Amino acid sequence: METRTIDTELLVRMIVAGAKNLDAKKEWINELNVFPVPDGDTGTNMCMTIFSAIREMEKIQDPTMRDLSKAISSGSLRGARGNSGVILSQLLRGFAKVIADCDVLDKSVISEALLRASETAYNAVMKPKEGTILTVAKAAADKAQELADDASCTMEEFFDGIISEAERILALTPDMLPVLKQAGVVDAGGQGLLEIFHGVQDAYLGIEGDYMLSESFGQEEVVLPESGIETDNIVFGYCTEFIINLDKALSQEEKSSYRSFLNSLGDSIVMVAENDLIKTHVHTNDPGLVLQEALTLGSLSSIKIDNMREEHQEKLIKNAERLAREQAESVPEPKEPEKEIGFIAVSIGEGMNEVFMGLGADYLIEGGQTMNPSTEDMLEAISQVNAATIFIFPNNKNIILAANQAAALAKGKKVVVIPTTTVPQGITALINFVPEAGADANEELMNEVIGMVKTGQVTYAIRDTEIDDWDIKEGDFMGIGDSSILSTGTEIEEVVRDMIQSLVEEDSSFICIYYGEEIDKDQAETLGKFVAKEYPECEVEIQYGGQPIYYYIVSVE
């Protein structure tokens with residue numbers, strides 16, 4: 001094909017196509033968690049981040065490249081969610097800086113932009129780890145530099161080479177991070193970046209569907225992009241996923257034949273072949289035929305079939321209820337005099353919210369594992385707290401980067417992020433706040449006390465895996481500590497007791513058990529009595545947390 005000029009119009013289409021391809025794969029990417037927990041959110045966070053950039057681009061009529069650069073940088077920065085989203089925003093920001101002064105993009109500009117993107121993202125992370133999205137981005141940038149210097153390399157070959165190298169390095173991420181190898185997954189952020197690359201390439205080559213910007217695409221989480229689509233327009237109704245444990249290694253021709261078969265029955269196809277297994281994801285109207293064909297290649301495991309039309313209707317109802325609730329609660333409060341210090345906490349669950357408000361939190365951001373708040377959410381919260389100094393408690397390691405980014409963007413107020421990685425750490429920090437001391441003294445004190453808190457959380461496994469020497473089956477309960485799995489089993493009470501045993505040490509004096517929305521009060525109190533009897537030297541407290549997904553959250557100090 002004839003080389004196409006990448007002007008502003010084509011660049012917009014390429015970015016939107018990358019975002020749409022990422023969106024189509026986000027649930028699969030969410031499942032590429034090291035821990036097989038039911039709240040993986042890497043794909044969702046990356047989607048919401050790039051959607052935010054696209055919403056900024058939508059606002060511009062007849063944009064110049066500099067206009068697009070500003071929109072990409074500002075939109076992604078403010079919309080960044082979670083660690084993966086913040087890193088993606090930095091990649092986009094670095095890329096945007098280079099293209100700002102260009103009329104069109106060629107190999108030289110793109111290679112320089114990818115290099116700046118990689119450098120910007122690495123510089124934004126305090127302790128960069130190899131085997132992550134950063135590694136994949138750097139590999140793509142290095143390959144782009146090599147190919148850009150080759151005068152005989154066409155633009156099509158340029159994109160092919162970059163993507164092939166990104167795929168090669170992504171496949172090596174389990175060798176760089178042992179936890180990925182243990183879990184049997186590649187890095188989720190790196191996979192997300194690769195999906196963006198694939199969509200970008202497709203748009204350049206003209207292999208695309210309706211990639212024009214639309215009113216429904218990239219909406220805030222109240223109405224996710226697919227929520228603007230009528231159920232009748234869902235062509236393939238069943239999201240079908242499974243793993244084929246191959247009877248024998250497949251040739252490239254056999255893999256292509258299998259992919260062609262999937263294409264004949266559906267769309268949104270993701271097929272990942274690794275050694276003796278193939279991970280398959282397809283949207284189809286006939287899961288039975290797909291499974292029958294897969295069985296000719298080997299035995300099946302981890303089969304999951306979801307009716308997307310039913311899920312879509314449920315999502316519409318939930319979104320409508322949430323929007324109505326937010327509108328009902330949006331009555332403005334009268335302005336109060338500025339106070340010296342204010343507090344913002346990320347929280348989820350009715351009981352947890354009440355605890356934070358009771359301790360003096362001025363503003364709560366609904367979020368956590370299941371939905372990481374964006375940098376824009378943080379900035380909005382900061383604007384609502386009328387205080388000279390504001391402390392933010394992210395209460396999740398995946399939210400700290402977004403909080404730091406918001407603190408750097410905030411104007412007119414001193415914003416201090418206390419790097420709390422769990423809700424109990426945030427509660428302990430607030431409990432230890434000393435009103436008579438200044439902001440600096442309290443920052444030092446709170447950073448010290450959160451290090452004395454150990455947290456355990458009980459949830460369930462969404463897939464079979466082996467990690468931390470644990471052989472975990474889908475549906476098992478897991479007790480997860482601050483950095484590793486502490487207990488697993490089929491009985492929830494046994495799992496939480498074993499987890500607490502791992503958390504309690506000789507000098508422990510306080511145990512607080514927050515029970516979630518699926519645990520009744522009597523069940524929690526029975527557990528509390530057992531723990532009090534087992535550890536008489538500790539004060540034991542039972543609190544209603546009301547958190548979803550995690551049956552129990554336990555704090556030990």
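Note that the coordinates shown come from a computational prediction; the quantities given were computed from them, not determined experimentally.
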* Asked: Please, which pairs that meet side chain to side chain donor-acceptor pair (under 3.5 Å) have at least one residue in residues 98-121, sequence neighbours excluded?
  -> Arg66-Asp101

Measuring from [X]:[atom1] to [Y]:[atom2], what's the distance to the nearest 0.5 Å?
X      : Y      : atom1 : atom2 : result
Asn395 : Thr422 : CG    : OG1   : 7.0 Å
Ile418 : Glu443 : CD1   : CD    : 5.0 Å
Lys255 : Tyr258 : NZ    : OH    : 12.5 Å
Cys47  : Lys25  : SG    : NZ    : 10.5 Å
Leu180 : Ile467 : CG    : CD1   : 9.0 Å
Tyr363 : Ile344 : OH    : CD1   : 8.0 Å

Would you name the heavy atoms of [X] and [Y] that are closest together and state the gap between them?
X      : Y      : answer
Gly190 : Leu170 : C-CD1, 3.7 Å
Ile305 : Pro287 : CD1-CB, 3.8 Å
Ile169 : Ala139 : CG1-CB, 3.3 Å
Asn21  : His198 : ND2-CB, 3.7 Å
Leu105 : Met155 : O-CE, 4.1 Å
Lys59  : Arg55  : CG-O, 3.4 Å

* Go through the side-chain N and O atoms of Thr64 and Asp67 and say whether any donor and acceptor fall under 3.5 Å apart. => yes

* To do: Would you check if there is a donor-acceptor pair between the side chains of Asp150 and Ser152 at a distance under 3.5 Å?
  => yes

Taking the side chain as C-beta and beyond, is there a heavy-atom pair between [X] and [Y] under 4.5 Å?
X      : Y      : result
Asn398 : Asn45  : yes
Phe242 : Val290 : yes
Thr5   : Leu10  : no
Leu194 : Glu167 : yes
Val185 : Arg463 : yes
Ile348 : Pro548 : yes
Met378 : Pro373 : yes
Ile133 : Thr42  : no

With a 3.5 Å distance limit and no angle check, can you tell me whether [X] reaches the backbone of [Y] through a side-chain donor-acceptor pair?
X      : Y      : result
Thr284 : Leu265 : yes
Ser89  : Val86  : yes
Lys413 : Val385 : yes
Gln405 : Leu77  : yes
Asp202 : Gly199 : no
Ser69  : Met65  : no
Thr49  : Ser76  : no
Asn372 : Ile399 : no
Ser73  : Lys70  : no
Asn30  : Thr44  : yes

* Audit row: Val125, Thr132, side chain to side chain contact (heavy atoms under 4.5 Å, CB included) steps and yes/no -> CA-CA 12 Å; Val125 180; Thr132 66; over 6 Å; no

[X] bridged to [Y] by N-O distance under 4.0 Å:
X      : Y      : answer
Asp23  : Lys26  : yes
Glu254 : Lys248 : yes
Glu146 : Lys143 : yes
Arg81  : Asp41  : no

* Counting only heavy atoms not in Asp62, do more than 12 sit closer than 6.0 Å to its CG atom? -> no

* Asked: Going through the distances and angles, do Ile207 and Gln201 end up as a side chain to side chain contact (heavy atoms under 4.5 Å, CB included)?
  -> CA-CA 8 Å; Ile207 307 170; Gln201 182 189 40; over 6 Å; no

* To do: Go through the steps for Leu172 and Thr135 under the test side chain to side chain contact (heavy atoms under 4.5 Å, CB included), then give the verdict.
  => CA-CA 10 Å; Leu172 295 176; Thr135 310; over 6 Å; no

* Given side chain to side chain contact (heavy atoms under 4.5 Å, CB included), test Glu56 with Arg78 step by step and report yes or no. => CA-CA 10 Å; Glu56 288 301 307; Arg78 289 177 170 270; over 6 Å; no

